[in-house]
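A short write-up of the structure that comes next.
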Protein chains: 2
Amino acid sequence: MPNRPTLKTVAREAGVSIATASQVMRGSGRISEETRRKVLDAARQVNYVADGRAASMRSGEIREVGLLIHQIANPFNAEVISGVSDLLETEGYLVSVLDSRDDPNRQRRHLEALLRSARGGLLWVPARDTPPDTYSLLATQRVPTVTFLRRGQGQAFDHVGIMNFEATHAATEHLISLGHRHIAFFGGEAPVESRVERIRGYTTALAEHGLPPPLVWPCPDTKAAGLENVLKLRAQHPEITAILCNGDMVALGASLGLQRKGEVPGRDLSIIGFDDVEDASLATPPLTTISVRPYDLGRKLARTLLDRIRDPDLPRSNVLIAAHLIQRETTAPCR
Amino acid sequence: MPNRPTLKTVAREAGVSIATASQVMRGSGRISEETRRKVLDAARQVNYVADGRAASMRSGEIREVGLLIHQIANPFNAEVISGVSDLLETEGYLVSVLDSRDDPNRQRRHLEALLRSARGGLLWVPARDTPPDTYSLLATQRVPTVTFLRRGQGQAFDHVGIMNFEATHAATEHLISLGHRHIAFFGGEAPVESRVERIRGYTTALAEHGLPPPLVWPCPDTKAAGLENVLKLRAQHPEITAILCNGDMVALGASLGLQRKGEVPGRDLSIIGFDDVEDASLATPPLTTISVRPYDLGRKLARTLLDRIRDPDLPRSNVLIAAHLIQRETTAPCR
DNA sequence: TTAAACTGATATAACGTTATACCTTCTGTC
DNA sequence: GACAGAAGGTATAACGTTATATCAGTTTAA
């Protein structure tokens, strides 16, 4: 039973040296058409696939990057990942996607696994409460790194984010223009900047219009939690007529919760989501939400990493993607 | 600016040889407590992380596996991936998840990327119409491989699947016992075995009860497609009173479509899904579906791969996971 | 007292590539 | 026909680990 083919196998089969075989496979150096053909035939013959480990060790070029995020099973994030993969894969990179579940310990383990095996680059959403030594680990390892969605304490890295403040500011003003005066911010728990910025946009808009003080109601970013918590919120604060959500999943959950109680989203409580996941437009009623084109964000992210890999001395970049309100049917004038 | 630390750095820092440093890091060989401490301190000092490429080249043990699936952004598959990752990560493996989008060319590219970089093992759902040379590529590369959900032509590999026939057979009988006589099979397009088996279970049950000939209505496994197609189906075949779906996403889509037209799932058309994704129980009305515990399937899958990696001479295994009907509110007696 | 066994460390080769330098052979020029 | 230069190929070292053999001391056994 033959072992897996290496360059040696190919070279032997083609009757040339290993060095020559290597040059042919990479299309470099001066090689006659005849030799080229012989080597390529031999390679096809034995189903040769280069060993990326050996290649990258010698050449220093690692075509393997990691993507470490706090939650994979979230349609918005899935779209981001899609955008990242599409671009990086056409450039010949292998993308390893890992889920930290927003847990710093789990994140640390993943990070070390990535540093061991996929050290070509890193796309990273820092978990909440990421300790400083995790940042310094990355710094000493000198892996090209781009943070996204959250920057955490990784101020030294490139970053691709969302215009959170502007988005929730505008969304809140929209609710105000519909006559709402008691508006809550609903969802999310961790003190991550993305949420902090969103809350700031919301709070600022309230203040600018001289409305009652902000009410922030935390809960996990899942449908199930949204469903449950919206009822608690309404029981405890019956004056609330509109909620601005930290994400579509809680928003959709809230919409479901309302309907379970026989109420109508929009008419009985205005709801604005954040992300514009596929379900947002498919839900009944379709969800008013803030859209950020996650796929484009992913591509921008990949592009930023590639630039960084190609030139480590580039100035640190900080890209913010615009977000805009999409009005569907869960917002209505206040009654 | 110092470069990334290697064993050499650690050894120099600790005043020992590279060989000794290596032994300490791996906890092998005979090392005095004093030396051990010195090396570990030095390693921590410089933030040392081993280079898995070099290690695996020499030791032959690759702690990196690939998972190649036809659709990542599907809650059922996401759960499977979760189960796989949890088990493999505690065993120190890095799992690279790739999405073939059920396209053989894309799949081929991914496979070659994996063979280049993550050749420790492969978990694989063959794309539809996977050509024979893709199978033989894997065979010559001798990467431990386990197929799941679909076997394709990869008869030589270990496999973890679902009892599809039994599941749809039972589900169809359930519909029949509710009095339905005109039942359609709804969703899925590709001639993959999982769907073929499901259709066979459905067809067999119909035949056993002497019911009208089967009606199979293909459509992509997405909510949007389900929504659209259920209306077409009803327009063209008004006699249908129940549909058995190839997946929850189409089933949920169908449920939405019905409601858009003011009809009530269950009362006006019985719907059974397949997968029991999280949304199935959260939807209104909650979806009757076939559950297969995707997380457990994922763990079983990982376990199978580990066994194969540990002993390449093991007899080929073929595990089938049971599936059972969960009755919620989209099925009702035929009126 | 001396060989044998053990302890704790190290030197070295190897994994499969690629970059570099080098070595032939051929062609053309004067 | 001597020599420069190009064309086409190869030998070799290196990447960062780990497995193996080996070595110098020290202890134990007979």
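Letters A, B, ... mirror the listed sequences (proteins, then strands); counts begin at 1. Note that the structure is predicted; figures quoted are calculated from it, not measured.
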DNA chain D contacts among residues 30-53 of chain A, heavy-atom distance under 4.0 Å: Arg30(A), Ile31(A), Ser32(A), Thr35(A)
Angle between terminal axes - the helix from dT1(C)-dA30(D) to dC30(C)-dG1(D), 5 pairs each end, rounded to 10°: 60°
Nucleotides bounding contact with chain A, strand DNA chain D, heavy-atom threshold 4.0 Å: dA7(D) to dG16(D)
Touch class at under 4.0 angstrom, heavy-atom based, for Thr6(B) against every strand present: sugar-phosphate
First encountered from the 5' end of DNA chain C, between Arg26(A) and Ala21(B): Ala21(B)
Arg63(B) with Glu91(B): basic N within carboxylate O range, under 4.0 Å: no
NZ/NE/NH1/NH2 to OD/OE distance under 4.0 Å, Asp221(A) and Arg195(A): no
Check: Asn77(A) and Ile72(A) side chains under 4.5 Å, non-hydrogen atoms: no
Expected output: side-chain Ser28(A) to main-chain Val24(A) donor-acceptor under 3.5 Å: no
Nearest atoms (heavy-atom pairs only) where Arg308(B) meets Arg316(B): NH2-CA, 3.8 Å
Ion pair check, Arg128(B) and Asp103(B), cut-off under 4.0 Å: no
Heavy-atom check, side chain of Tyr48(A) versus side chain of Met25(A), under 4.5 Å: yes
Parallel, tilted or perpendicular: ring planes of Trp124(B) versus Tyr135(B), cut at 30 and 60 degrees: tilted
Note: Asp133(B)-Arg108(B) ion pair, threshold 4.0 Å (strictly below): yes
Length of the line joining Leu7(B):CG and dA11(C):C1', which is rounded to integer Å: 15 Å
Nearest-0.5 Å distance that lies between atom CG in Asp129(A) and atom OG1 in Thr134(A): 11.0 Å
Sugar-phosphate only, base, or nothing, as touched by Ala55(B) at under 4.0 Å among non-hydrogen atoms: sugar-phosphate
